[in-house]
Protein chains: 2
Amino acid sequence: MTKIPTNKCQHCFINADAGGFCGQLDGSEISELRNLSRSSTLKRGTAVGSEELLMWPIIAISSGVISMQHLLEDGRKTIAALFLPGDIIDMRGMSPRHSGHLIALSRTEVCRMSPTIFEKIIETNPNAQRIAWNNLRKQTYRAIDHSADLAKKQALEKLASFIFECRRRQRSKVSDNSIHVPVRRVDLAEYLGMQPETVSRCFREMEQRKIIQLMDISNIKILNVPTLRRIANGDKNTKNLRRTNKDHFKVLSYG
Amino acid sequence: MTKIPTNKCQHCFINADAGGFCGQLDGSEISELRNLSRSSTLKRGTAVGSEELLMWPIIAISSGVISMQHLLEDGRKTIAALFLPGDIIDMRGMSPRHSGHLIALSRTEVCRMSPTIFEKIIETNPNAQRIAWNNLRKQTYRAIDHSADLAKKQALEKLASFIFECRRRQRSKVSDNSIHVPVRRVDLAEYLGMQPETVSRCFREMEQRKIIQLMDISNIKILNVPTLRRIANGDKNTKNLRRTNKDHFKVLSYG
DNA sequence: CGGCAAGTTGAGCCAGGTCAACTCCGGTGG
DNA sequence: CCACCGGAGTTGACCTGGCTCAACTTGCCG
C-alpha cells in the first residue's frame with residue numbers, strides 16, 4: 001500500500017474514462033483525494049483484509065478483477081459478484097462476515113480512496129456523485145440479473161448469459177464479436193454456480209454447435225449471436241432450428 | 001395514480017422511520033416533493049408499466065412487497081429481487097427489457113417520486129443522500145448475498161437463508177423468533193430458484209426436525225436458531241448432532 | 001524438460017425437477 | 001347458511017441434468 005504518485009492518476013482508468021469518477025473532479029479535489037488515498041496491487045488469490053477494510057473501505061479498481069466470495073461451512077465456495085475496472089466498491093460499515101470476502105482473481109491495481117474525502121466529494125460535486133450513484137446502481141442491477149440467471153437457468157443458458165455479460169462489460173467494444181473472458185474456468189464455475197467440468201462441457205457443446213469459437217483459453221468469438229441469445233433467454237428450441245435469416249428471430253436486445 | 005394528500009406523508013413509513021428518506025427532508029423539500037410526486041396502490045399481480053416507468057422511474061415503497069421478475073422464453077419465471085417498505089427503486093434509464101419487470105406480490109402502496117425533485121434533494125441534502133445511498137448499497141449487497149445463496153446452496157439451505165433474510169428485514173424486531181414470511185409459497189419458490197413442491201417439502205422437513213414451527217401459512221417460529229443457522233451456512237452435519245449447549249456451536253453472526 | 005496446476009473427458013449417481021392426484025381454504029352466490 | 005368453485009399448497013412416484021470422482025491431457029514456469 002503506497003502513496004499515490006502525482007502522475008499515476010493521469011494514466012488511471014478511473015480518471016481516464018469519460019464516465020470515470022476521478023475525471024469529474026477539479027484540481028484541488030483530485031489532489032486532496034490523491035494525498036489521502038493509497039494505491040496497491042493485489043496478486044491473484046490475495047484477499048482484502050478485514051482490518052484494512054475498516055481503514056480503507058472504499059476501493060476503486062483501476063485494472064484487474066476482484067471477486068466477492070462467500071465460503072460455506074463445508075468448503076463450498078461461491079463467487080457472488082465480479083468487480084471490474086471502474087467499479088467502486090463501498091464497504092463502509094460492512095464486515096466480511098456478513099458480506100463475503102474481496103479476493104483478487106488476477107493481478108489487480110486498486111485505489112483505496114479516503115472515505116472522508118470520498119464522502120465530501122460525493123456531497124459537494126454533483127457530477128462525481130452521479131457517476132458513483134450510477135456505478136452503484138449498475139452493481140445492483142447486475143447482481144439482480146445475475147440472481148435471475150442463477151435461479152432458473154440451466155448450465156448452457158447460464159454460460160450464454162455470462163458471455164453476453166462479458167461483452168456488455170468489456171471496455172473495448174470490438175465489432176467482430178470477440179469476447180475476452182477475464183476469469184479462469186474455476187472462477188467462472190464458482191460465479192455461475194456450477195462445476196468446472198460442466199463449464200468445460202458447455203463450452204465444448206457451443207463450439208460443436210458452431211455457436212462460438214474458442215480462440216484460446218480466455219478469448220472466444222461468437223459465431224452465431226442470435227442463437228446464443230436465444231439460449232441465454234431460455235429458449236429450448238435452438239437445436240433443431242434451421243437458420244433461414246439472422247434477423248428473422250425475435251430476440252431480446254440484451255447486450 | 002393520485003396526488004398525495006398533505007396528511008398522507010405523516011403516516012407513511014418512508015417518513016416515519018428514523019432511517020426513512022423523507023424524514024430527513026425539511027418542510028419546503030417535503031412539500032415540493034409531495035406536490036410533484038404521486039401515490040398509487042397496486043394489487044397483487046399488477047406490473048408497473050414501462051410507460052409509467054419512463055415518467056416515474058423512482059418508486060418508494062410504503063407498504064407491501066414488490067418483486068423484480070425475469071421471464072424466460074419458455075415461460076420459466078424468476079423473482080430476482082424483493083423490495084420491501086422503505087426501499088427506493090431507482091429505475092432511471094432502465095427498460096424492463098434489460099432489468100426485468102416490477103410486479104406487486106401483495107397489495108402495495110408506492111410513492112412515485114418526481115425524479116427531478118429527488119435528484120435535486122439528493123444533491124442538496126446530505127442526510128437524505130446518505131439514506132438513499134445506504135438503501136441502494138443494501139440492495140446491492142442483498143442481491144449479491146442472494147446470488148451466493150442461489151449459486152451453491154441446496155434447497156434446504158436456501159430456505160434457511162431465506163428465513164434469516166426475512167428476520168433481518170422485518171420491521172418489528174420481536175424477540176421470540178417469530179418470522180413473518182411476506183410472500184406466498186409460489187413466489188418464494190421463484191425467488192429461491194426452486195419448485196413450490198420443493199419449498200413445501202423443505203418446510204416439512206424443518207418442522208419434523210423441530211427446527212421451526214409453522215404457525216400459519218405466512219408465519220413461522222424458529223425453535224432452534226443455531227441449527228437453522230448451521231444449515232444456512234452450509235453445514236452438512238446438522239442431522240446427527242446432539243444439542244448439548246446452544247452456545248457451544250460456533251456460528252456466523254448473520255441476521 | 002520436469003513438475004505442478006488448470007482444464008478436459010468419461011461413467012455413474014442423486015437432489016430436486018416434473019407430473020399427477022389430492023387437500024385445503026377463502027370467496028361467492030343461491 | 002351451505003354448496004360450489006378455483007386457486008394455492010401438499011404429497012407421492014418417477015426421471016434427468018448436472019454433480020462427483022477418477023483418470024487423463026494440456027500448458028505454464030522455472
Side-chain angles (χ1 to χ4, degrees), chain A residues 43-45 65 67 72 74-79 105-107 149-162 181-208 212 214-220 231 234 236 238-239, chain B residues 43-45 65 67 72 74-79 105-107 149-162 181-208 212 214-220 231 234 236 238-239:
Chain A
K43 282 207 297 276
R44 171 175 168 87
V65 184
S67 64
L72 296 190
D74 65 340
R76 274 172 290 168
K77 207 166 58 173
T78 306
I79 292 178
L105 295 185
S106 64
R107 195 175 168 285
D149 288 349
L150 293 174
K152 282 281 172 70
K153 286 186 182 176
Q154 296 183 290
L156 198 70
E157 296 164 355
K158 287 195 278 193
L159 194 55
S161 298
F162 180 76
V181 179
V183 296
R184 301 196 182 176
R185 291 284 184 275
V186 209
D187 303 326
L188 180 42
E190 270 160 17
Y191 182 59
L192 297 179
M194 44 208 255
Q195 258 18 66
E197 292 94 324
T198 312
V199 172
S200 178
R201 281 186 254 267
C202 288
F203 269 129
R204 180 70 357 100
E205 180 179 342
M206 287 187 187
E207 194 173 36
Q208 277 164 1
I212 61 167
L214 296 163
M215 312 307 280
D216 63 52
I217 197 71
S218 57
N219 285 288
I220 61 179
I231 293 174
K236 289 286 177 61
T238 49
K239 273 188 180 160
Chain B
K43 281 207 299 275
R44 171 175 169 87
V65 185
S67 65
L72 296 189
D74 65 342
R76 273 172 290 168
K77 207 167 58 173
T78 306
I79 292 178
L105 296 185
S106 63
R107 194 174 169 286
D149 288 349
L150 293 174
K152 282 282 171 70
K153 287 186 181 175
Q154 296 184 293
L156 198 69
E157 297 163 355
K158 288 194 278 194
L159 193 55
S161 298
F162 180 75
V181 179
V183 296
R184 300 196 182 177
R185 291 283 185 276
V186 209
D187 304 325
L188 180 42
E190 268 160 17
Y191 182 59
L192 296 179
M194 43 208 256
Q195 257 20 65
E197 293 94 324
T198 312
V199 172
S200 179
R201 281 185 255 266
C202 288
F203 270 129
R204 181 66 0 98
E205 181 179 341
M206 287 186 188
E207 195 173 35
Q208 276 163 1
I212 61 167
L214 296 164
M215 312 307 281
D216 62 51
I217 197 72
S218 58
N219 286 287
I220 61 179
I231 293 175
K236 289 286 176 61
T238 49
K239 272 188 181 161

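Quick note on labels: first sequence line is chain A, next is B, and so on, each numbered from 1.
- A side chain to side chain contact (heavy atoms under 4.5 Å, CB included) with A/R184 is found for exactly one of A/D187, A/V181, A/L188, namely A/D187.
- Under the 3.5 Å distance criterion, the side-chain polar atoms of B/S161 are matched with a main-chain donor or acceptor of B/E157.
- Of the residues in residues 181-189 of chain A, not one places a heavy atom less than 4.0 Å from an atom of DNA chain D.
- Residues A/I231 and A/L156 share a closest heavy-atom pair of CG2-O, 3.9 Å.
- The separation between A/K152 atom NZ and D/dG17 atom P is 17 Å, rounded to whole Å.
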Hey, what are the protein-to-nucleotides 12-16 of chain C N/O distances that come in under 3.5 Å?
unit_1 : atom_1 : unit_2 : atom_2 : d
C/dG16 : OP1    : B/A155 : N      : 2.8

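- Counting only heavy atoms from C-beta outward, the side chains of B/E190 and B/S67 never approach each other to under 4.5 Å.
- We find that CD of A/E190 is positioned 12 Å from P of D/dC19, with the value rounded to whole Å.
- Annotation: side chain of B/L105 is in contact with side chain of B/I79 (closest heavy-atom distance under 4.5 Å).
- Computed from coordinates, the B/R76 CZ to C/dG17 P distance equals 12 Å when rounded to whole Å.
- Taking atom CD of residue B/E197 and atom P of nucleotide C/dT23, one finds them 17 Å apart after rounding to whole Å.
- Nucleotide D/dT11 holds its P atom 13 Å from the CZ atom of B/F203, rounded to whole Å.
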| request: Show your reasoning for whether side-chain contact (heavy atoms from CB on, under 4.5 Å) applies to A/T78 and B/K153. | output: CA-CA 9 Å; A/T78 306; B/K153 287 186 181 175; over 6 Å; no
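- Going from atom CG of A/L214 over to atom P of D/dG27 covers 12 Å, rounded to whole Å.
- With a 4.5 Å cut-off on side-chain heavy atoms, A/L214 and A/R204 count as touching.
- Between the CD atom of A/E207 and the C1' atom of C/dT8 there is a distance of 12 Å, given to the nearest Å.
- Closest of all the heavy-atom pairs between B/K77 and A/K152 is O-NZ, 3.1 Å.
- Distance, A/K158 NZ to D/dG17 P: 14 Å, rounded to whole Å.
- Listed pair B/R201 / D/dT11 fails the phosphate criterion, with no side-chain N or O lying under 4.0 Å from OP1 or OP2.
- Taking every heavy atom of both residues into account, A/A160 and A/M206 meet most closely at N-CE, 3.7 Å.
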